[in-house]
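Here is the structure we will look at, set down as structure tokens.
Lettering of chains follows the sequences in order, A, B, ..., and the numbering in each one begins at 1.
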Amino acid sequence: MKSYAAILLPLVIIFIGVYLFVPKAKKPFLINLIVFKYTFAVYCALLFLATLLVYALPEKDFVQQMQSDKTELTSDAYYFAHRLWDISGQDDPDSSKKLYQNFSEDYTLTGNLIKLDIADDFNGMVWIEQKDFKDGILEARNYLTPYLIESFDFSSQIRPPEINLNGDILQIKPSGRYSLDFKVFKDNFLTSQFRGSSPGSSFGSNMVSGNEAVHLYIPQGMEVSTSYGNIIYLN
Amino acid sequence: MSSANNVLVKIACRQYLYKLKAFSFLGLIVTQVVALLFSYGGVGMSGMGTNQLSLTVRNYSSDFVIIFTMFWAFIMAISYTKKHAKSIDFTLISSRLSSSLSDLSVFITISVLGALTSTLSGMFLRLFFYFTADHGSIINSSFKLPFSAWLQSFLAVTLYLLLVCSAGYLFGMLMEVNKIFGFIIPVLLFGLLRAQNEIFLNMIQFFNESSLLIFAGKTFLATAVLWSLSMLLFNRMEVRL
């Protein structure tokens with residue numbers, strides 16, 4: 001889009017320059033005025049139409065503000081992010097409302113040994129849980145605690161780590177630095193004099209960065225070889 | 001109302017309609033379209049980040065459009081004090097008072113239309129980003145402005161534009177009296193602002209009002225003062241031969 005603006009801006013400047021400085025052919029004055037009046041009417045109609053369309057847009061399309069108390073939400077998210085290992089003790093992490101699942105994949109294993117190759121820059125936890133049966137399937141899930149900015153939950157936008165199985169090596173590496181770009185529409189500078197700060201104007205000042213955990217559900221009797229330190233064996 | 005007043009109002013109305021018919025809004029459209037292009041990059045940006053996360057928040061508003069519209073209104077007000085603009089008055093039976101009243105009416109119209117288009121342009125900007133940017137990056141809380149907030153915004157911008165027009169009209173009149181005012185006044189204002197002059201700052205503070213009603217009262221008062229001064233200058237100008 002930036003390229004569009006880069007093309008449009010010089011075009012508009014050239015247009016204004018041409019309009020102001022290039023001598024125009026003599027035209028009947030009143031015809032020009034009528035054209036200008038119509039142009040203004042069309043411009044106003046466009047703006048009204050845009051306004052109507054804005055109000056007709058579905059609410060669910062935007063980043064939603066959560067209804068709960070902001071302080072409570074933030075403190076909860078902060079608490080869960082630093083007590084992720086506590087949640088690992090639960091029978092079913094999927095049922096936890098404190099966790100989001102953003103990755104789920106099953107891998108077929110060939111041997112009885114799995115080597116974990118975890119990238120140095122991966123900061124998440126790894127939970128390893130053994131099944132009660134031998135089905136030769138490794139189930140990998142990725143969970144994360146809420147990522148909040150103010151009372152906005154943007155956990156759904158966090159990308160999961162890259163998990164790949166090559167032979168008996170399971171590679172886990174972060175998907176790179178997340179980059180989130182948000183847009184906030186503020187009141188104009190004159191109106192803020194009467195309305196105070198507009199909603200969303202302090203957006204971004206209070207952020208809780210969540211934590212993540214890769215849950216590996218391995219078949220019975222499977223051995224795991226790894227040098228990674230941040231691992232919890234659930235059984 | 002006396003018959004003389006009645007006639008004055010009729011003449012002023014006729015002059016107003018005549019001036020409005022001759023008025024082109026193309027300048028306003030071009031100004032606002034350019035301002036919208038400048039608004040594309042946002043009016044502010046904040047960012048923060050951790051090892052894993054980089055967060056950028058871009059703020060958008062119709063600030064540029066309003067500032068550009070104010071410039072346009074100021075220049076329009078000055079242009080109405082020029083000789084060629086004043087000569088329009090001679091096509092109809094008129095007096096100095098009716099001419100000033102019709103000018104004031106034109107500026108009220110300009111202020112209302114300028115405020116309407118500049119506040120609605122903010123909606124256009126929202127729609128533009130809705131269709132061109134990722135919806136998931138737009139915060140809902142301020143996207144759909146409540147009608148009361150829009151109305152407040154519209155009234156505030158209208159009043160400020162009226163104030164700008166009045167100031168521009170007086171500035172134009174002073175320039176008609178002597179061209180040197182075109183240099184002295186901007187320098188004086190800039191100097192007072194640089195020096196943080198207390199009287200000047202109090203003058204600005206006078207309009208820093210949180211109640212729209214009181215602000216409206218102050219604006220009308222200031223407009224009346226500026227207009228009276230302009231009228232005074234206009235009345236002292238030489239007549240056309």
At a heavy-atom separation under 4.5 Å, does B/Ile66 approach chain A through its side chain, its backbone, both, or neither?
-> side chain
Does a side chain donor of either A/Gln193 or B/Tyr160 reach within less than 3.5 Å of an acceptor in the other side chain?
-> yes
Report the option among B/Val43, B/Leu28, B/Leu113 that has the most heavy-atom pairs separated by less than 4.5 Å from atoms of chain A.
-> B/Leu113
So, B/Lys19 and B/Asp103, do they make that salt bridge, N to O below 4.0 Å?
-> yes
Exactly one of B/Ser61, B/Ser153, B/Ser62 clears side-chain hydrogen bond (donor to acceptor under 3.5 Å, both in side chains) with A/Thr191, and that residue is B/Ser153
Give, as side chain, backbone, both or neither, the part of A/Phe194 having an atom under 4.5 angstrom from any heavy atom of chain B.
-> both
Check whether B/Leu20 gets within reach of chain A through its side chain, its backbone, both or neither, counting any heavy atom under 4.5 Å.
-> backbone
Taking B/Leu116, B/Leu155, B/Val157, B/Leu120 one by one, which has the highest count of heavy-atom pairs under 4.5 Å against chain A?
-> B/Leu120
Of the options A/Ile163, A/Leu165, A/Asn166, A/Ile118, which is the one that meets A/Gln171 in a side chain to side chain contact (heavy atoms under 4.5 Å, CB included)?
-> A/Asn166
Using non-hydrogen atoms only, which part of B/Phe215 is less than 4.5 Å away from chain A: side chain, backbone, both, or neither?
-> side chain
Top contributor to chain B interface from A/Thr51, A/Leu46, A/Ile158 [non-hydrogen pairs under 4.5 Å] = A/Thr51
Is there a donor-acceptor contact under 3.5 Å linking the side chains of B/Tyr18 and B/Ser102?
-> no
Which residue out of A/Leu53, A/Leu49, A/Leu47 racks up the most heavy-atom pairs below 4.5 Å with chain B?
-> A/Leu47
Contact origin within B/Ser211 toward chain A - heavy atom pairs under 4.5 Å = backbone
Should the pair A/Lys183 and B/Tyr60 be classed as cation-pi, given the thresholds of under 6.0 Å to the six-membered ring centre and 45° from the axis?
-> no
How many angstroms lie between atom CG of A/Leu144 and atom CG of A/Asn142, to the nearest 0.5 angstrom?
-> 6.5 Å
